[in-house]
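All values reported here derive from a predicted model rather than from experimental measurement.
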Amino acid sequence: MKAGIVGLPNVGKSTLFNCLSNAKAQSANFPFCTIEPNIGVVNVPDPRLEKLEELVNPERVMPATVEIVDIAGLVKGASKGEGLGNQFLANIRETDAILHVLRCFDNDNIVHVDGNVNPIRDKETIDMELQLKDLETVDKKLEKVKRAAKTGNKEAQKEEATLLKIKTALEAGISVRAIEFEDDEFEEFVGPSQFITAKPVMYVCNVDEGAANSGNAYVDLVKEAVKDENAEVLVLAVGTEADINELDDFEERKMFLQDIGLEEPGASKLIRSAYKLLNQQTYFTAGVKEVRAWTIDIGATGPQAAGVIHTDFEKGFIRAEVIGYDDFVTYGSEAKVKEAGKMRVEGKNYVVKDGDVMHFLFNV
């Protein structure tokens with residue numbers, strides 16, 4: 001699962017990517033410095049993993065990861081191929097969620113592609129380009145579907161109605177994610193079409209150091225503009241995060257954060273938020289060889305969770321021994337949890353909870 005960082009040129013995308021992945025993507029004060037999308041596999045910060053390591057003292061620890069893609073800056077006209085539009089839009093289509101970076105700071109030394117700082121205009125520029133590309137997709141699909149619908153094909157008529165609903169919304173400047181669909185309608189016609197504006201989005205307001213803790217007037221405007229989108233708004237001083245990233249000493253990093261009133265780097269919060277945006281959650285396996293965080297979709301069953309370790313585990317699933325994370329921490333070990341009668345045995349229909357510590361029994 002991938003989350004793509006998008007935005008206009010010079011809003012801080014590559015600097016943010018560097019902070020998240022420690023991969024040194026080129027960061028420069030001009031548009032299009034990122035041509036090929038950079039991909040970073042980022043560890044998901046999770047204090048629960050550290051606590052399990054402390055209790056179990058394993059030989060190694062493996063955190064959950066999420067893929068972050070740094071996509072070059074979009075410009076007005078990208079949907080028609082302006083700048084490097086076609087390539088960038090294709091890169092966005094391949095991601096599962098969008099991290100939309102908005103410039104919310106003033107700095108005369110960093111040029112803005114449209115001449116001045118206005119995060120709402122920037123957001124609308126990107127939205128419009130993505131909506132225009134989706135409109136192109138809808139029109140192509142309608143051409144094919146209409147012919148079948150005219151012959152009386154019920155399925156084609158249903159798809160035509162859904163596509164017309166999407167077309168009307170897009171022409172009104174409404175993204176696909178904001179349209180209400182019936183469950184079967186979404187599964188049959190919307191999901192498979194991979195509309196760019198159907199992807200979940202999080203807005204990252206890039207501010208200066210002074211606004212890292214409480215935001216600023218630009219951030220307030222963004223929050224007001226997206227209040228009906230059911231999207232998270234995260235405030236991040238990307239330049240400051242880059243400075244923190246340069247510090248090797250943990251105590252120095254901690255002092256730096258305290259000086260600006262933060263408990264942890266904003267990048268850590270962003271990674272966790274991106275993980276949730278991708279509809280992901282974590283379960284753990286905990287033994288002396290390894291304590292590991294495993295990534296599953298929210299709502300995954302026991303066999304599906306077992307399958308991320310090995311497909312044989314899913315095929316031959318018999319049952320799962322499950323300990324709630326809080327119980328593991330309260331009693332301090334698997335043996336003591338068993339003694340207290342707090343270990344559960346769950347079958348094939350069990351829906352895994354975030355933080356479950358699990359052991360699978362299977363037979364192939």
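Salt bridge present: R272 and E264 bring a charged side-chain N and a carboxylate O closer than 4.0 Å. Ion pairing between a basic and an acidic side chain is recognised when a charged N comes within 4.0 Å of a carboxylate O; K165 and E185 show such pairing. A salt bridge is absent between E339 and K336; no separation between the charged side-chain nitrogens and carboxylate oxygens falls under 4.0 Å. The existence of a salt bridge linking E334 and K338 is confirmed by a sub-4.0 Å separation between a basic side-chain nitrogen and an acidic carboxylate oxygen. At a threshold of 4.0 Å, the pair E251-K254 does not count as salt-bridged, since none of the basic side-chain nitrogens sits closer than that to a carboxylate oxygen. Contact check on K199 versus D96 returns no salt bridge, with no Lys/Arg side-chain nitrogen under 4.0 Å from an Asp/Glu carboxylate oxygen. Between K123 and E229, at least one side-chain nitrogen of the basic residue sits less than 4.0 Å from a carboxylate oxygen of the acidic one, meeting the salt-bridge criterion. Remark: D326 does not engage K342 in a salt bridge, criterion side-chain N to carboxylate O under 4.0 Å.
No donor-acceptor distance shorter than 3.5 angstrom exists from the side chain of N213 to the backbone of L262, with no hydrogens or angles considered.
More than 12 heavy atoms of other residues, nucleotides or ligands shown are found within 6.0 angstrom of CE on M62. Heavy-atom contacts from other residues, nucleotides or ligands closer than 6.0 Å to NZ of K269 number 12 or fewer. The number of heavy atoms from other shown groups lying within 6.0 Å of CG (N349) does not exceed 12. Counting non-hydrogen atoms of neighbouring residues, nucleotides and ligands closer than 6.0 angstrom, the NZ atom of K276 reaches no more than 12 such neighbours.
Donor-acceptor pairing under 3.5 Å is lacking for the side chains of Y275 and D46. For the residue pair Y283 and T295, no side-chain donor N or O sits within less than 3.5 Å of a side-chain acceptor on the partner. In this model, a donor atom of one side chain and an acceptor atom of the other lie less than 3.5 Å apart for S273 and E232. Remark: the E290 side chain and the T285 side chain contain no N/O donor-acceptor pair separated by less than 3.5 Å. Side-chain contact of T197 with D134: a donor-acceptor pair under 3.5 Å is present, judged by distance alone. R103 and N118 share no donor-acceptor pair across their side chains, judged by distance under 3.5 Å alone.
T301 and K348 get closest at one heavy-atom pair: CB-O, 3.7 Å. Heavy atoms only, all atoms of each residue included: I98 and I196 are closest at CD1-O, 3.9 Å. Nearest heavy atoms, A293 versus T282: CB-CG2, 3.5 Å.
Hydrophobic clustering places I120 together with I126 (ILVMFWY residues linked when any side-chain heavy atoms are closer than 4.5 Å, directly or through intermediates).
Both tests do not hold together for R319 against F317: distance to the six-membered ring centre under 6.0 Å, angle to the ring axis within 45°.
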